[in-house]
Amino acid sequence: MILDSFGRNHNYLRISLTDNCNLRCFYCMPEEEYEFTPASRLMQADEIEAISKIFVAQGVNKIRLTGGEPLVRKDAGKIILSLSKLPVKLTLTTNGTRIHEFIELLKEANIQTLNISLDTLQSDRFMLLTRRDQFKLVYDNIQLLIRNNFQVKVNVVVMKGMNDGEINDFIEWTKDTPIQIRFIEFMPFSGNRWTSNKVFTWQEILEVVQTKYPIVRLEDEINDTAKKYTVPGHTGSFAVISTMTSPFCSGCNRMRLTADGKMKNCLFSKEETDLLTAFRKGEDILPLIQKSIASKAKELGGQFTADFEQVHAEEIQNRSMITIGG
Ligand code: SAM
Ligand code: SF4
């Protein structure tokens with residue numbers, strides 16, 4: 001078991017495969033010109049497998065691959081297949097642009113659930129948010145996954161004045177489609193132009209939905225970060241990830257590995273532990289993992305509180321989201 005000083009057991013590892021991406025979502029990428037990490041500094045496929053096995057031996061039973069965009073990495077398929085042999089629930093967060101190239105491999109790896117990011121149902125707004133004209137491709141790939149019986153969760157970062165007017169369009173999508181829409185409160189990361197007045201809160205999201213639909217709260221699962229709801233009669237459901245207004249840190253079971261092999265004990269932690277360098281020197285990395293988790297803060301990396309209107313993004317020491325792995 002990997003326990004922290006608050007008795008939380010950590011059995012969920014999120015691995016970033018790369019900080020490279022084929023989209024340019026402004027809330028994720030730093031504003032300044034950004035150079036992607038060269039391949040030699042990234043964990044190699046065999047290193048990802050070996051390091052994952054060390055976590056699995058300590059009780060990790062779920063691994064999520066993320067990035068950057070995990071599916072732009074050349075050996076993504078090889079990594080997915082190698083991790084699929086481990087006794088874990090393997091899953092993926094992706095922007096959906098390359099799903100059509102990977103669908104057979106995802107089946108072979110027995111992946112059942114995927115999170116696909118799509119913040120708008122309007123192609124011109126997609127272009128504005130991501131600086132790439134790929135709305136149709138992502139939308140079609142979500143349909144492709146559904147037709148192939150994958151469970152799809154659609155991640156929507158809600159930003160005031162940007163896409164908050166589309167909340168009920170997403171809810172309408174759940175009427176006849178078996179998807180879960182996950183509305184995510186906009187979070188601050190290095191260089192992502194976050195200000196508290198752009199956060200569209202959990203409460204505000206529910207108020208908007210209730211202007212048009214009756215809603216029913218669904219039961220939370222253990223370690224769940226999402227508050228789940230459904231509209232009676234709808235095939236799909238929706239959820240809110242309320243990191244900024246109601247964090248779920250008390251049940252946190254997550255650990256993160258950046259693409260360059262640094263362990264983060266929290267999405268918002270300042271400190272990082274360099275597992276890859278130690279691993280390459282042949283050192284035992286388990287004590288490093290345990291030490292990292294032992295120093296985990298009670299909530300939000302110890303950097304701010306749920307009083308989000310008092311948060312000053314420039315005071316938070318962290319990486320940009322694209323280099324952490326969401
Ligand atoms: N490229 C993949 C994708 O877009 O799904 C995986 C990486 S992305 C960093 C993972 C998730 O983080 C996405 O759902 C994205 O919307 C979310 N994300 C990125 N920046 C965010 C922010 N500032 N606040 C909330 N969620 C954010
Ligand atoms: Fe790329 Fe995902 Fe970040 Fe968008 S959210 S820039 S798709 S890593």
Side-chain angles (χ1 to χ4, degrees), residues 14-31 34 36-37 63-73 76 80 91-99 102 113-120 125-135 137-138 141-142 145 152-160 162-164 170 179-196 198-202 205 225-226 239-245 247-248 254 256-259 264 267-268 300-301 304 308 311 313 316 318-326:
R14 299 166 74 103
I15 305 175
S16 171
L17 294 190
T18 174
D19 60 353
N20 203 335
C21 189
N22 52 351
L23 301 184
R24 295 286 181 277
C25 307
F26 75 82
Y27 55 78
C28 176
M29 303 277 289
E31 251 178 299
Y34 178 70
F36 298 118
T37 308
I63 294 181
R64 176 176 299 280
L65 302 179
T66 177
E69 173 47 41
L71 298 183
V72 300
R73 186 166 158 154
I80 292 169
T91 181
L92 215 66
T93 300
T94 161
N95 63 29
T97 53
R98 301 198 64 183
I99 286 293
F102 279 85
T113 310
L114 287 104
N115 288 22
I116 312 286
S117 303
L118 180 63
D119 305 307
T120 175
R125 185 168 287 153
F126 185 94
M127 178 79 194
L128 197 71
L129 279 161
T130 68
R131 291 205 269 135
R132 297 292 182 271
D133 189 13
Q134 300 210 305
F135 169 76
L137 181 59
V138 175
N141 275 340
I142 291 175
L145 285 168
V152 179
K153 297 182 180 178
V154 177
N155 285 357
V156 183
V157 180
V158 187
M159 291 157 285
K160 205 168 263 178
M162 175 56 81
N163 57 351
D164 51 317
F170 279 102
I179 42 173
Q180 185 190 82
I181 304 291
R182 289 152 45 100
F183 296 114
I184 304 175
E185 289 178 347
F186 183 29
M187 297 182 253
F189 295 98
S190 298
N192 81 342
R193 293 185 248 169
W194 182 93
T195 51
S196 61
K198 288 189 199 144
V199 177
F200 203 78
T201 66
W202 169 31
I205 291 166
T225 55
V240 183
I241 300 182
S242 57
T243 317
M244 300 309 298
T245 61
F248 24 80
R254 291 145 183 250
R256 293 184 144 79
L257 262 183
T258 63
K264 280 177 75 75
L267 181 56
F268 297 107
L300 299 168
F304 59 98
F308 77 93
V311 172
I316 299 175
N318 204 349
R319 297 173 172 230
S320 56
M321 182 61 130
I322 199 158
T323 62
I324 300 172

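Just so you know, ligand 1 is whichever comes first in the structure, and atom 1 is the first atom listed for that ligand. Not measured: the values here are computed from a predicted model.
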Under 3.5 Å between any N/O of T93 and any N/O of ligand 1: does that happen in this structure?
no

Heavy-atom distances under 4.0 Å decide this one: backbone, side chain, both or neither, for L23 against ligand 1?
neither

Backbone or side-chain N or O of N115 under 3.5 Å from ligand 1 N or O:
no

Measure the distance from atom 1 (Fe) of ligand 2 to every protein heavy atom, then report the residue, atom name and distance (to 0.1 Å) of the closest one.
C21 SG, 2.3 Å

Which option, C28, P70, S117, owns the non-hydrogen atom nearest atom 14 (O) of ligand 1?
S117

Give a yes-or-no answer on whether the side chains of E69 and T94 include a donor-acceptor pair shorter than 3.5 Å.
yes

Evaluate E69 for polar contact with ligand 1, using N/O atom pairs at a separation under 3.5 Å.
yes

Quick check on contacts: which atoms of ligand 2 are under 4.0 angstrom from a heavy atom of L23?
6 (S), 7 (S)

Given 3.5 Å as the limit, does a donor-acceptor pair link the side chain of R256 with the main chain of K264, or not?
no

Under a 3.5 Å cutoff, is there a donor and acceptor pairing between the side chains of D19 and T37?
yes

With distance as the sole test, does R98 use its side chain to make a donor-acceptor pair with the main-chain N or O of L71 at under 3.5 Å?
yes

Is C28 close enough to atom 4 (Fe) of ligand 2 to have an N, O or S atom under 2.8 Å?
no

For atom 6 (S) of ligand 2, closest protein heavy-atom neighbour
C25 N, 3.3 Å

Location of contacts on V157 toward ligand 1, heavy atoms closer than 4.0 Å:
side chain

Which of these, C21, G96, G68, G67, has its nearest heavy atom closest to atom 1 (N) of ligand 1?
G68

